**Student:** 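Can you read through this structure? Questions will come right after.
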Amino acid sequence: GQPATAPVVSLKDSVTARCETQHYIWIGTQSKGLYMIKKKNGKVFHITRANSIFPSDSITSMTTNEKGEVYIGTQQGMVRYDNYAFLLIQTDNSDLTSNKINSLLCPDGVQIFAGTADGTLTVFTPAGSRHYKGAVHGTAHLVAIEQGALKGPVAVYDNEEKYSLQNQQLVQLNLHK
């Protein structure tokens, strides 16, 4: 028989985010929306503002939880795929303080951390959501770090100050010592 070949997807854009679930490979782009590639047969689904509830074709970040749900950050809100449908999450229906999602992380498989343009870290948990505003001004980007006793998400602001969520407070870190 013929050897199996991977599907070729011509994105014609910069890849900004990527993740993988049991059934799909997910590729987010700078301005052309989202591509879902079915692993079983290579079928490509191209999701855009024009054909879905997505508020923007600019995908900024993606993460997945232990249930296989995918959270997709955009310039104008966040979209959750619950394995059945896409659900729009914005400031008017959630605790998000800004619709401009810079980064998403799911460090423990359960909690979703969203860093937004107004410098807020919003944490979505099964019990609800909370948001934390650092004692800084700037844009919150999330990075996962593992350094010494500290493991997990860290909010990094434009001025390169780093804050960790510890005991439900954003605590400034000095990682240079």
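Fair warning: this is a prediction, and the values are worked out from it, not measured in the lab. Heads up: numbering here begins at 1 and tracks the sequence.
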**Student:** How long is the gap from CG on Leu87 to CD1 on Ile72, to the nearest 0.5 Å?
**Tutor:**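 Leu87 CG to Ile72 CD1: 10.0 Å, rounded to 0.5 Å.
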**Student:** Lys39: which residues meet the salt bridge (Lys or Arg N to Asp or Glu O under 4.0 Å) condition with it, sequence neighbours left out?
**Tutor:**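 Only Glu20 meet the salt bridge (Lys or Arg N to Asp or Glu O under 4.0 Å) criterion with Lys39.
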**Student:** As an exercise, state the distance from OG of Ser61 to CG of Leu105, rounded to the nearest 0.5 Å.
**Tutor:**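 Between Ser61 OG and Leu105 CG, I get 8.5 Å after rounding to 0.5 Å.
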**Student:** Working to the nearest 0.5 Å, report the span between OG of Ser98 and CD of Gln75.
**Tutor:**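 Rounded to the nearest 0.5 Å, the OG-CD separation comes to 9.5 Å.
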**Student:** What residues form a side-chain contact (heavy atoms from CB on, under 4.5 Å) with His23, not counting sequence neighbours?
**Tutor:**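 With neighbours one apart ignored, the set is empty.
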**Student:** How about Lys100 and Thr116: do any of their side-chain heavy atoms sit closer than 4.5 Å?
**Tutor:**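 Heavy-atom side-chain distance check fails, nothing below 4.5 Å.
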**Student:** With heavy-atom distances below 4.5 Å as the criterion, would you say the side chains of Tyr71 and Ile101 are in contact?
**Tutor:**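 They are not in side-chain contact.
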**Student:** Holding to side chain to side chain donor-acceptor pair (under 3.5 Å), I want the full list of residues that pass it with Ser31, two or more places apart in sequence or in another chain.
**Tutor:**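 Ser31 satisfies side chain to side chain donor-acceptor pair (under 3.5 Å) with Asp13 only.
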**Student:** Per the salt bridge (Lys or Arg N to Asp or Glu O under 4.0 Å) rule, what does the pair list look like for residues 64-90, sequence neighbours excluded?
**Tutor:**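 Listed by first then second residue: Glu69-Arg80.
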**Student:** Quick check against the 3.5 Å criterion: does Gln90 have a side-chain atom that pairs as donor or acceptor with the backbone of Gln76?
**Tutor:**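 Yes, Gln90 side chain to Gln76 backbone: donor-acceptor pair under 3.5 Å.
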**Student:** Could you list the residues that satisfy side chain to side chain donor-acceptor pair (under 3.5 Å) with Thr21, not counting sequence neighbours?
**Tutor:**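 For Thr21 the side chain to side chain donor-acceptor pair (under 3.5 Å) partners, ignoring immediate neighbours, are Trp26.
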**Student:** In terms of the angle between their ring planes, are Tyr24 and Phe45 parallel, tilted or perpendicular, with boundaries placed at 30° and 60°?
**Tutor:**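 Ring orientation of Tyr24 relative to Phe45: perpendicular.
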**Student:** Phe86 and Val70: side chain to side chain contact (heavy atoms under 4.5 Å, CB included), yes or no, with the steps?
**Tutor:** CA-CA 9 Å; Phe86 290 103; Val70 178; over 6 Å; no
**Student:** Considering non-hydrogen atoms only, spot the tightest contact between Val110 and Cys106 and give its length.
**Tutor:**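 For Val110 versus Cys106, the nearest heavy atoms are N-SG, 3.5 Å.
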**Student:** Any side-chain donor-acceptor pair under 3.5 Å between Asp95 and Ser129?
**Tutor:**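 The answer is yes; a qualifying pair exists.
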**Student:** Between Ile59 and Ala17, which heavy-atom pair has the shortest distance, and what is it?
**Tutor:**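 Minimum heavy-atom contact is CG2-CB, 4.4 Å.
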**Student:** Of the non-hydrogen atoms in Ile89 and Leu96, which two are nearest, and what is the gap between them?
**Tutor:**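 In terms of heavy atoms, the two residues are closest at O-CD1, 3.7 Å.
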**Student:** With a 4.5 Å cut-off on side-chain heavy atoms, are Thr64 and Tyr81 touching?
**Tutor:**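 Result no, sub-4.5 Å side-chain heavy-atom pair not found.
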**Student:** What's the shortest heavy-atom distance between Val79 and Pro55, and which atoms?
**Tutor:**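 Closest approach of Val79 to Pro55: CG2-CD, 3.8 Å.
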**Student:** If hydrophobic clusters are built by linking Ile, Leu, Val, Met, Phe, Trp and Tyr wherever their side-chain heavy atoms come under 4.5 Å apart, do Met62 and Met78 end up in the same one?
**Tutor:**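 No, Met62 does not connect to Met78 through the hydrophobic network.
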**Student:** Just verifying a value: how many Å separate Leu88 CG and Thr74 OG1, rounded to the nearest 0.5 Å?
**Tutor:**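 Output value for this atom pair is 8.0 Å.
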**Student:** Is there a side-chain contact between Thr63 and Phe113 in this structure, where contact means two heavy atoms from C-beta onward sitting under 4.5 Å apart?
**Tutor:**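 Of all side-chain heavy-atom pairs linking Phe113 with Thr63, none is under 4.5 Å.
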**Student:** Quick check: closest heavy atoms across Gln111 and Thr125, and the distance to 0.1 Å?
**Tutor:**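 For Gln111 versus Thr125, the nearest heavy atoms are OE1-CG2, 3.4 Å.
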**Student:** In Å, rounded to the nearest 0.5 Å, how long is the span from CD1 of Ile47 to CZ of Phe54?
**Tutor:**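 That separation rounds to 6.0 Å.
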**Student:** Give me each pair satisfying salt bridge (Lys or Arg N to Asp or Glu O under 4.0 Å) with a member in residues 46-58, each pair once, sequence neighbours excluded.
**Tutor:**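 For residues 46-58: none.
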**Student:** Quick one: CG on Asn99 to OG on Ser94, what's the gap to the nearest 0.5 Å?
**Tutor:**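 Asn99 CG to Ser94 OG: 7.5 Å, rounded to 0.5 Å.
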**Student:** Whether the side chain of Thr60 engages the backbone of Gly73 through a donor-acceptor N/O pair (distance < 3.5 Å, no angle test) should be reported.
**Tutor:**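 Confirmed, Thr60 side chain pairs with Gly73 backbone.
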